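Below, chain A is the first sequence line, B the second, and so on; all start at residue 1. Only a predicted model underlies this, so the values are computations on that prediction, with no experimental measurement involved. Note: hydrogens, waters and symmetry copies are ignored here, and every other heavy atom, side chains too, is used.
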Amino acid sequence: MEEKNSLLNTKVRSDHRLKKDKQFSYIFRKGKRKSTENFTLYYIESKFNNYKIGFSISKKQGKATVRNKLKRRLKEIVRKEKLPLNFYNYVLYAREGASKLDFKNLSMQIKKLFEKFYKEENKI
RNA sequence: UCAGUUAUGCAGACAAUCGCAUCGCAAGAUGAGGAAAGUCCGAGCAUCCAGAGAACAUGGUGCAGGCUAACGGCCUGUGGGGGCGACCCUAAGGAAAGUGCAACAGAAAUAAACCGCCAAAACUUUGGUAAGGAUGGAAAGGUGGUGUAAGAGACCACCGGAAAACUAGAGAUAGUUUUUGCUCUGUAAACCCCACCUGAUGCAAGGCUGAAGGGCAAAUGUGCGUUCUCUCACGCCCUUUUAGACCGCUUGAUUUUGCAGGCAACUGCAAAACUAGAUAGAUGAUUGUCAAAUACAGAACUCGGCUUACAGCAUAACUGACUUG
RNA sequence: AGAGAUGUAGCUCAGCCGGUUAGAGCACCACCCUGAUAAGGUGGGGGUCGGUGGUUCGAGUCCACUCAUCUCUA
């Protein structure tokens, strides 16, 4: 078992994803919030020199194809623009209407959202 | 040319850059659908310690023959209905085994007399009658004649029904002939009868792994809806909690091509191929070319169907009408 | 992913085994009562029974398909 685990660690996938249900609910309960028209960003400080981000899209947004597409686009934006700072964990919650936006508008909104977050954190 | 019927196919492709999942030492290779959907059926697989038979219960299916691992599916036919036609639709056993139900209307609803018609007495009664009226979804086979006081399958012709025989067919059925004047409405997607099938739970099944606690134990007990019969088995079982790693997890009633059989569904043989396996759950972004790339939509144990959603097209065969030759 | 339940008036529910007019309470509107309001009384409006098709003479009820909402199973 230990050998296998060490092998997995050597691969080092650049995995910045939140995965466990507990982490999600923790951030929803205790984290701070920033929001724009169609998105809300929940965030909380962490101890590690790393960041993790999760995406939350409710079933009301649409069927499986719609939700998957939105999630993929959000991932792409976050990856390309390198928005999140280390020492934080995030959950990005998509509200109604988010799935109707095209890629350009999405990236605009996400950038704005993170700018709000930077301002807030610099003040402290 | 217009209108239509049936069947089949595609479900973006190619190139460049960045990025994701699996496999691989690496280079690299591969990477959602025709419905992946609804979960409506049928199986595999797993557990309920095992298996066989009979009866009952529960639920289902319902024209015939075939195909299939199996089916409530498919194919070829039969009966019925629709369309000028190509063709399409069809839960289509039994109402003469029994029970229930049929509101309102109407004189009467499974049984006869309200109006009418006719006769007699007589000025309102008695008897005959099921042609006509009116009600209804349904009113005593239909049309025409003979007949009669008026009428009536009372009798006759044709149509329809029922029964029997013969012929054709594997069968559902069809055809022909004969007999019978033929009372006996509808509903079984009401109970039911008949024939056939049918254990339950679903991969969150289940296995494996860490910790704690509890219970029972050799029989007169327990063992897949109930009862019975026979064979057989029996020492471990249960609960809570942590973790969610690993196995199950993808080579299979598989796919493609060719040949052969069959009207067809489908089957047999040969060769080649391996084609997602995630676990917050992998396919996106930008640019170029094509007339355009846009519809419905995302695998979650796996297959065979059914049903529903669907942009833009392409191809083939056939039908009807019109025009020209 | 799997298993199940429910859709009837603005809201909360009845409506049994098909039968003709789909009811009840709250809410709404008008009138009565009061100097006025509430309470009370009388009367009234509002439903294609989630949708589509079928069975039947007739469907909220039976059957098939479909849509929406909710619950349970790590």
- request: Answer with yes or no whether the hydrophobic clustering places A:F87 together with A:V91; edges join I, L, V, M, F, W, Y residues whose side-chain heavy atoms lie under 4.5 Å apart.
  value: no
message: Judged by each residue's nearest nucleotide on RNA chain B, which is more toward the 5′ side, A:K104 or A:V66?
response: A:K104
query: Given the C1' atoms of B:rC159 and B:rC2, what is the spacing between them in whole Å?
result: 44 Å
task: Using the P atom as the reference point in each nucleotide, state the distance between B:rG175 and B:rU315 in Å, no decimals.
output: 47 Å
Base paired to B:rU251 (Watson-Crick or G-U; both N/O distances under 3.5 angstrom): none
- prompt: For B:rA26, which nucleotide is its Watson-Crick or G-U wobble mate, given both distances must be under 3.5 Å?
  reply: none
Under-4.0 Å side-chain N/O to phosphate OP1/OP2 contact, A:R72 with B:rA282: no
- request: Please measure how far the C1' atom in C:rC31 lies from the corresponding atom in C:rC49, and state the result in whole Å.
  value: 33 Å
statement: B:rA300 -> Watson-Crick or G-U wobble partner, both distances under 3.5 Å, gives none
Check the interface with nucleotides 67-73 of chain C: list each N/O to N/O pair with the protein under 3.5 Å, or write none.
none

message: I need the CG-P distance between A:L70 and B:rA297, as an integer number of Å.
response: 17 Å
Contacts of type side-chain hydrogen bond (donor to acceptor under 3.5 Å, both in side chains), residue A:N68, not counting sequence neighbours: none
- prompt: Are A:T65 and B:rG298 close enough that a side-chain N or O sits under 4.0 Å from OP1 or OP2?
  reply: yes
- prompt: What's the base orientation of B:rU289: syn (chi within 90° of 0) or anti?
  reply: anti
field: B:rA108 versus B:rA102 - spacing of their C1' atoms, nearest Å
entry: 15 Å
Consecutive-pair stems (3 or more, Watson-Crick or G-U, under 3.5 Å) for RNA chain C: C:1-7 with C:67-73, C:10-13 with C:23-26, C:28-32 with C:40-44, C:50-54 with C:62-66
task: Starting from C1' on B:rA295, measure out to NZ on A:K69 and report it in whole angstrom.
output: 12 Å
Identify all side-chain donor-acceptor contacts of residues 106-113 of chain A below 3.5 Å with residues at least two apart in sequence or on another chain.
residue, atom, partner, partner atom, Å
A:S107, OG, A:F103, O, 3.4
A:S107, OG, A:K104, O, 2.8
A:Q109, OE1, A:T36, OG1, 3.0

query: What nucleotide among B:rG298, B:rA282, B:rC18 has an atom nearest to a side-chain atom of A:K75?
result: B:rA282
field: Counterpart base for B:rC246, defined by Watson-Crick or G-U wobble contacts under 3.5 Å
entry: B:rG207
- prompt: How many Å lie between CG on A:L106 and C1' on B:rA285, as a whole number?
  reply: 12 Å
Distance (rounded to the nearest 0.5 Å) between A:R67 CZ and A:F55 CZ: 15.5 Å
Spacing of the C1' atoms in B:rA292 and B:rG24 (rounded, Å): 41 Å
- prompt: How long is the line joining CD1 of A:I110 and C1' of B:rG284, in whole Å?
  reply: 15 Å
message: Measuring only between side-chain heavy atoms, which start at C-beta, is A:I57 closer than 4.5 Å to A:K71?
response: yes
message: At less than 4.0 Å, is any side-chain N or O atom of A:R73 found next to OP1 or OP2 of B:rA285? Yes or no.
response: yes
field: Where A:N89 and A:Y51 come nearest, the two heavy atoms and their spacing
entry: OD1-C, 4.2 Å
task: Can you tell me, in whole Å, how much space there is between the C1' of B:rC104 and that of B:rA138?
output: 15 Å
query: Syn or anti for C:rU56, taking syn as within 90° of 0?
result: syn
message: Checking understanding here: a glycosidic angle within 90° of 0 is syn, the rest anti, so what is B:rA32?
response: syn
- request: Using the C1' atom as the reference point in each nucleotide, state the distance between B:rU78 and B:rA168 in Å, no decimals.
  value: 15 Å
- line: Rounding to 0.5 Å, atoms CD1 (A:I44) and NZ (A:K30) come to a distance of 8.0 Å
field: A:Y42: partners by ring-ring contact (aromatic ring centres under 6.0 Å, His included), with sequence neighbours left out
entry: A:F28
query: If we take the P atom in both B:rC45 and B:rU279, what is their distance in whole Å?
result: 29 Å
task: Can you sort out the partners of A:Y90 under ring-ring contact (aromatic ring centres under 6.0 Å, His included), two or more places apart, ordered by chain and number?
output: A:F114, A:F117
- prompt: If each of A:A64 and A:S56 is mapped to the nucleotide of RNA chain B with the nearest heavy atom, which maps nearer the 5' terminus, i.e. the 5' end?
  reply: A:S56
task: Nearest 0.5 Å please: distance from the OH atom of A:Y118 over to the NZ atom of A:K34.
output: 14.0 Å
field: Pairing partner (Watson-Crick or G-U wobble, both distances under 3.5 angstrom) of B:rC259
entry: B:rG268
- prompt: Who does B:rA122 pair with, Watson-Crick or G-U, both distances under 3.5 Å?
  reply: none
Nearest-angstrom distance from the residue atom CG of A:N68 to P of B:rA37: 14 Å
field: Separation of B:rU17 C1' from A:R79 CZ (nearest whole Å)
entry: 11 Å
message: Of the listed nucleotides (B:rA285, B:rA282, B:rG19), which one gets closest to any side-chain atom of A:K71?
response: B:rA282
- line: If pairing means Watson-Crick or G-U wobble with both distances under 3.5 Å, then the partner of B:rU176 is B:rA165
- prompt: Thinking salt bridges, do A:E76 and A:R79 make one under a 4.0 Å N-O criterion?
  reply: yes
Rounded distance (Å) that lies between atom P of B:rU17 and atom CD of A:E76: 16 Å
- prompt: Atom CD1 in A:I53, atom CG in A:L41: separation rounded to 0.5 Å?
  reply: 6.5 Å
task: Provide, to the nearest angstrom, the distance between the CD1 atom belonging to A:I27 and the C1' atom belonging to B:rA280.
output: 12 Å
- request: Using a 90° cut-off around 0 for syn, call B:rG34 syn or anti.
  value: syn
message: Going by the glycosidic torsion and a 90 degree boundary from 0, is the base of B:rA54 oriented syn or anti?
response: anti
statement: Answer for the Watson-Crick or wobble partner of B:rG320, both distances under 3.5 Å, is B:rC2
field: Non-hydrogen side-chain atoms of A:P84 and A:V78 separated by less than 4.5 Å
entry: yes
